[in-house]
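What you see is a predicted model; the values in this text were computed from it and never measured. A, B, ... follow the sequence lines: proteins, then strands. Residue 1 opens every chain.
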Amino acid sequence: MLDIKLIRDNPALVLEKLKLRNEDTAVIGKIQEIDSKRLDVIKKADALKELRNKVSDEIAVMKKDKQDASERIAEMKKVSDEVKQLDVELRDIETEVEKLLYYIPALPADGIPYGKSADENVERIVWGEKKNFDFKVKDHIELSKKLDILDFERGAKISGSGFPLYKGKGAGIERALINFMLDTHITKGYREVMPPILVNRASMEAAEKVPKFEDDMYRINEDDLFAIPTAEVPIINIHRDEILKEEELPMKYCGFTNCFRREAGSYGKDTKGFLRVHQFNKVELVNFCTPETSYDEMEKMLVDACAILQALKIHYRVIELCTGDIGFSASKCYDIEVWSYAENKWLEASSVSNCTDFQSRRAKIRYKKTLENGKTKTELVHILNGSGLATSRLMVAMLEANQTKEGNIIVPEVLRKYTGFDII
RNA sequence: GGAGAGGUGGCUGAGUGGUUGAAAGCGGCGGUCUCGAAAACCGUUAUGGGGGCAACUCCAUCCAGGGUUCGAAUCCCUGCUUCUCCGCCA
């Protein structure tokens, strides 16, 4: 969530930044209005509470001295009733502000390319080259069907469309990929975690997925639990409501989980096979760091994610998302896209985001900062997340790029010690 | 799922209605002492929200949310959670 104080103190900046995202800014004026009402009520209530506290102490003394305090008690009863009323009013005002605030996205960082939609994203890096095949390339569905390593029909029978079933060496190479990615990230200083994949509402809120994206989540109503859309959610919540030590930062985690997305409203677009699924596997990177270092850390995270693709020798590019396309919680975002020979286009396989203090404010994740004069100050950490990487679209690119004329798949060299086989 | 006992500051742990935002100890930080260190001693050590240029000051917070009361860490209700025992179970 945005800082209400920023809206209070520098609304012009907030408006300017939100316009870059093509957001409706009328809501800011509304928030300002409610906020000033909120401050009024707080002042009134606090003054009355102060009075009540003072007189209550006096009553205590009077009682001890065996004096009659009934008059003062009667007075305070009135004050107390008034306080109660104001507290109710305050609570209502606060939920009103939150209802608006929870739907306002993060402000884009300075220097982000301006644009209205994904079409205006900017290509930053292209790695590798397209291979030349002297035969007609098959797509991942055809390949995997022939080799019987992926079974989308039976996955659909078990759960519904978009729930892939991995079989034989398909399952093996998926498992190898995950292990390879984790092992690689661990050597770069990420601590591996294996978190719960059903999380409570508080965790979803802290990660800024709810209420805004509630319809995109699988939810277990009975217990009000959500299936995570990404490991980012449980990993961020490791430190919810905590104050970290400055010397512990940057604190880096990696973790593999299944990810679940309802993809409500996206039917019909890129849905075949692995291109868009409800359940997929992903190794996630999360970094808690100081505000001063977050953009540098972001570049490092991008390098760490790209290192996986380089090791696998997959042709990819990095694009920087324009203001109109960056995600709700992010101030800056890079997407890594892998080349699909069969689709003849780039597929998003990773997204590296700097969410600055947008999530940490809601999740209350802070750190103790030591100032130059030796005093300490509690400050929100910056949180970065990145896929390192999601396997499904990566599999599309990998299967296609490594196919032979006969329809077999050559296993990338770095994976062989994990798979135990070198061809499918 | 059943029975019972708990949840207090970074940690241990006192506190059962009135200067308790909270004793004491440990830890942390600063200082005295020392060539230096340890020990000892002294001081300091929560978070959020108002107000103030500032010194500072007010409000809230003892798992969470309600309630009783002039006044709640302390009493009542609900939820969450931890531990022990039983049941079920990978």
Distance in angstrom units between [X] [atom1] and [N] [atom2], rounded:
X      : N     : atom1 : atom2 : answer
A:D241 : B:G7  : CG    : P     : 20 Å
A:D87  : B:G50 : CG    : C1'   : 14 Å
A:L86  : B:G49 : CG    : C1'   : 16 Å
A:L90  : B:G66 : CG    : P     : 12 Å
A:E58  : B:C70 : CD    : P     : 16 Å
A:R240 : B:U81 : CZ    : C1'   : 13 Å
A:K78  : B:G71 : NZ    : C1'   : 18 Å
A:N200 : B:A64 : CG    : P     : 16 Å

Pair partner, [N] [Watson-Crick or wobble, under 3.5 Å]:
N     : result
B:A3  : B:U84
B:A46 : B:U61
B:U74 : none
B:A40 : B:U32
B:A22 : none

Exercise. Using a strict 4.0 Å threshold on nitrogen-to-oxygen distance, state whether A:E214 and A:R219 make a salt bridge.
Key: yes
Quiz item: Would you call A:E246 and A:K377 a salt bridge, using N to O less than 4.0 angstrom?
Solution: no
Whole-angstrom distance between [N] and [M], as gauged at atom [atom1]:
N     : M     : atom1 : value
B:C75 : B:A38 : P     : 44 Å
B:G4  : B:G79 : P     : 15 Å
B:U20 : B:C59 : P     : 15 Å
B:U34 : B:A40 : C1'   : 12 Å
B:C11 : B:G52 : P     : 35 Å
B:A22 : B:C58 : P     : 12 Å
B:A37 : B:G25 : C1'   : 25 Å
B:C80 : B:G27 : C1'   : 30 Å

List, with names and distances, any nitrogen or oxygen atoms from the protein found under 3.5 Å away from nitrogen or oxygen atoms belonging to nucleotides 53-58 of chain B.
unit_1: B:C58; atom_1: O2'; unit_2: A:E50; atom_2: OE1; d: 3.4

Quiz item: Is A:N385 reaching over with its side chain to a backbone N or O of A:E232, donor-acceptor style, under 3.5 angstrom?
Solution: no
Practice problem: Just call it for A:S70: base, sugar-phosphate, or nothing, with non-hydrogen atoms closer than 4.0 Å on any strand. | Solution: nothing
Quiz item: If you look at every strand shown and take non-hydrogen atoms under 4.0 Å, does A:R361 touch a base, only sugar-phosphate, or nothing?
Solution: nothing
Any side-chain N or O of [X] below 4.0 angstrom from OP1/OP2 of [N]?
X      : N     : answer
A:K77  : B:C70 : yes
A:R52  : B:C59 : no
A:S80  : B:G71 : yes
A:R201 : B:C80 : no

Quiz item: Tell me the salt bridge (Lys or Arg N to Asp or Glu O under 4.0 Å) pairs involving residues 296-308 of chain A, sequence neighbours left out?
Solution: A:K188-A:D304, A:E297-A:K300
Name each donor-acceptor pair under 3.5 Å that joins a side chain in residues 75-87 of chain A to protein atoms two or more places apart or in another chain, with its distance.
unit_1: A:E75; atom_1: OE1; unit_2: A:R72; atom_2: NH2; d: 3.3
unit_1: A:S80; atom_1: OG; unit_2: A:R52; atom_2: NH1; d: 3.3
unit_1: A:D87; atom_1: OD1; unit_2: A:K49; atom_2: NZ; d: 3.3

Self-check item: Pairs flagged by side chain to side chain donor-acceptor pair (under 3.5 Å) wherever residues 156-173 of chain A is involved - sequence neighbours left out
Solution: A:D148-A:K167, A:D151-A:K167, A:Y166-A:E174
Quiz item: Are side-chain heavy atoms of A:Y367 and A:E379 found at a separation under 4.5 Å?
Solution: yes
Quiz item: What do you reckon, are the aromatic ring centroids of A:F226 and A:F260 less than 6.0 Å apart?
Solution: no
Exercise. Please figure out whether A:L39 or A:A74 has its closest RNA chain B nucleotide nearer the 5' end.
Key: A:L39
Self-check item: A:R38 or A:M76, whichever maps to the more 5' nucleotide of RNA chain B
Solution: A:R38
Quiz item: What nucleotide among B:U47, B:U69, B:C70 has an atom nearest to a side-chain atom of A:I243?
Solution: B:U47
Self-check item: Row check, A:Y190 ring normal vs A:K252 NZ/CZ: under 6.0 Å, within 45°
Solution: yes
Write out a two-atom table: protein N or O, nucleotide N or O from nucleotides 17-23 of chain B, distance below 3.5 Å.
unit_1: B:G18; atom_1: N2; unit_2: A:S56; atom_2: O; d: 3.1

Exercise. Could you tell me which residues satisfy salt bridge (charged side-chain N to carboxylate O under 4.0 Å, His left out) with A:D110, sequence neighbours excluded, listed by chain and number?
Key: A:K17
Self-check item: Whether over 12 other heavy atoms sit under 6.0 Å from A:R154 CZ
Solution: no
Self-check item: Parallel, tilted or perpendicular: rings of A:F163 and A:H278 (30°, 60°)
Solution: tilted
